[in-house]
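Take a look at the structure below.
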Number of protein chains: 2
Amino acid sequence: MQPLTRQQIHQQISASGLKATSQRIVVFEAMAALHGQHPTAEEVYQHLHAANPSISLGTVYKTLDTFVEAELIRRVLSEEGGKRYDAGMSPHSHIYCSNTKEIIDFEDEELEKLLAAFFSQHRLENFELKGFSVQLTGNKLEPGKQISITRVSK
Amino acid sequence: MQPLTRQQIHQQISASGLKATSQRIVVFEAMAALHGQHPTAEEVYQHLHAANPSISLGTVYKTLDTFVEAELIRRVLSEEGGKRYDAGMSPHSHIYCSNTKEIIDFEDEELEKLLAAFFSQHRLENFELKGFSVQLTGNKLEPGKQISITRVSK
DNA sequence: TTCTTAACTAAGAATAATTCTTAACTAGTA
DNA sequence: TACTAGTTAAGAATTATTCTTAGTTAAGAA
C-alpha cells in the first residue's frame, strides 16, 4: 500500500470529528511509517522529532490517546507494561516473543475465519465484541531471522 | 479448588529451583487469593501488607517477575500499560473491556481445542511455541452485570 | 476575509510506576 | 553448625505518564 497524502490524512482526522492540526497529521504519518512496529509514545516522538522539533512529547502522548478514542488507531496489548499503539486497523493477531520482547503482526486468513466462525456461533451476553487476537507466547529461535507460518501436510 | 497449604507452595517454589523464602510463600498465597483479578504488583502488595507489614513493595515486584521467569505464574497482556499477573496456569483466554478496564477470565474447552488443532497443523518457523490464548476486546454493555457465553442454535 | 471560540498545544511541573543499589539476612547444604 | 549464594528491606534513582496553564490555532459564522 502506498502512503496516504497529507490531504487524505487531514480528511480522515476531520471525519472523526477532530481538528486536523499539523501536529496530528505528523503523528498520524509517523504511526503509518512505523506500521508493524507497535511503537510507544516515546518511540513515535523519536521518529518525528528530527523533522518536527517543535512537537512536544506530551502532545504525542495525548494525540495517540485521542486517536485511539476516535478509533483511528488501536492500543496493542502488551506484556511489558508500556502503552503501545498500532496503526493497522484490519483484523490481525500478534505474536509475543518472551525472549526478544517483540510483538509481531500475524495475519492468517484461516485463523481469522476460524475465530470469526466460533464467535458467530457463540454469543457473549452483555459484551459488544470489537475484535479478537491470538497471543502466542514462546521464544524466537534465531533472533535475527523472521518468523513464518507453514501448513503441515497430514 | 481448595487453597494450597504452605508446604505445597514451598514445594512448588523449590521445584522451580528457587529458594522458598517466607516472602515468596506469602506472595504466592496472595496471588492464589487474587485469582481471577490479574493484579498489579501494587495490588498484590496491598493485599498482603496488613498481615505482612515487613514485606517491601520492591520485593513484591521482584518476586512476581521471578515467578514469571520460573513459570509459576504468567504475565497478562494489558491495554492500560501496567504489568499484571495471573496465577492461573491452565489454558484460558481473556476478555478486555475497554470501557470498564476489566480483564475477565474466559474458559471454553471448544475454543482451546480449536486453537490447539490449528497450531498442530501449522508450524511456526523460527519460533518455539509455548502457549496461546485469545484476547477479546470490546465494551461491556451493562457495567454492573456479568458477561456470559451462550451457544447460538443454527 | 475577519472574527469568534472551542479545541488544541508547548513547556515543564507533578505524579505514578518500576528498577536499582547496598548492606544485612537466611535457606539450603556441606 | 558453619558457610555461601541467593534473597531482602529501604529508599534512592529512573522511567513513564499525566496534569496545569497560558498561549495558539482550526473551523465555522458573520
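Residue numbers start from 1 in every chain, and the chains themselves are labelled A, B, ... in the order their sequence lines are given, proteins ahead of strands.
Rounded to whole Å, atom P of dA17(C) lies 11 Å from atom CD of Q46(B). If you measure from atom OH of Y45(B) to atom C1' of dT18(C), you get 15 Å, rounded to the nearest angstrom. Separating the CZ atom of R24(B) from the P atom of dG6(D) is a distance of 11 Å, rounded to the nearest angstrom. A straight line from CZ of F67(A) to P of dC8(C) spans 10 Å, rounded to a whole angstrom. Protein atom CD of E43(A) is 15 Å distant from nucleotide atom C1' of dT17(D), rounded to whole Å. Rounded to a whole Å, the CD atom of E69(B) is 12 Å from the P atom of dT19(C). Rounding to whole angstrom units, NE2 of residue H49(A) and P of dT9(C) are separated by 16 Å. Computed from coordinates, the I13(A) CD1 to dT25(D) C1' distance equals 15 Å when rounded to whole Å.
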Determine whether H94(B) and H92(B) satisfy the following criterion, side chain to side chain donor-acceptor pair (under 3.5 Å), listing intermediate values before the conclusion.
CA-CA 7 Å; H94(B) 293 114; H92(B) 63 277; 3.1 Å; yes
Test side chain to side chain donor-acceptor pair (under 3.5 Å) applied to S56(A) and T59(A), step by step:
CA-CA 5 Å; S56(A) 75; T59(A) 295; 3.0 Å; yes
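Taking the charged nitrogens against the carboxylate oxygens, E29(A) and R6(A) do have a contact shorter than 4.0 Å, which makes a salt bridge. Under a 4.0 Å N-O distance rule, the pair K83(A)/E79(B) does not qualify as a salt bridge. At a threshold of 4.0 Å, the pair E125(B)-K145(A) does not count as salt-bridged, since none of the basic side-chain nitrogens sits closer than that to a carboxylate oxygen. Of the charged side-chain nitrogens involved, at least one lies within less than 4.0 Å of a carboxylate oxygen, so that E71(B) and K130(B) count as a salt-bridged pair.
Remark: dA16(C) base-pairs with dT15(D); criterion is Watson-Crick or G-U wobble with both hydrogen-bond distances under 3.5 Å. Under the Watson-Crick and G-U wobble criteria, each requiring two contacts below 3.5 Å, nucleotide dA29(D) is paired to dT2(C). Across every strand in view, dA30(C) sits in a pair with dT1(D) that passes the Watson-Crick or G-U test at under 3.5 angstrom.
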Protein N or O to nucleotides 9-16 of chain D N or O, pairs below 3.5 Å:
residue, atom, partner, partner atom, Å
dA9(D), OP1, S54(B), O, 2.8
dA9(D), OP2, S56(B), N, 3.3
dA9(D), OP2, S56(B), OG, 3.1
dA9(D), OP2, T59(B), OG1, 2.1

Sub-3.5 Å pairs of nitrogen or oxygen atoms, protein against nucleotides 27-30 of chain C:
residue, atom, partner, partner atom, Å
dA27(C), N3, K19(B), NZ, 3.4
dG28(C), OP1, A20(B), N, 3.3

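The main-chain N or O of V134(B) is found under 3.5 Å from a side-chain atom of S93(B) such that the two form a donor-acceptor pair. Using modelled atom types, one side-chain atom of N126(B) and one backbone atom of E142(A) make a donor-acceptor pair closer than 3.5 Å.
Listed by first and then second residue, the salt bridge (Lys or Arg N to Asp or Glu O under 4.0 Å) pairs that reach into residues 41-54 of chain A are E43(A)-R84(A), sequence neighbours excluded.
For the pair T66(B) and T40(A), both in contact range of DNA chain D, the more 5′-proximal nearest nucleotide belongs to T66(B).
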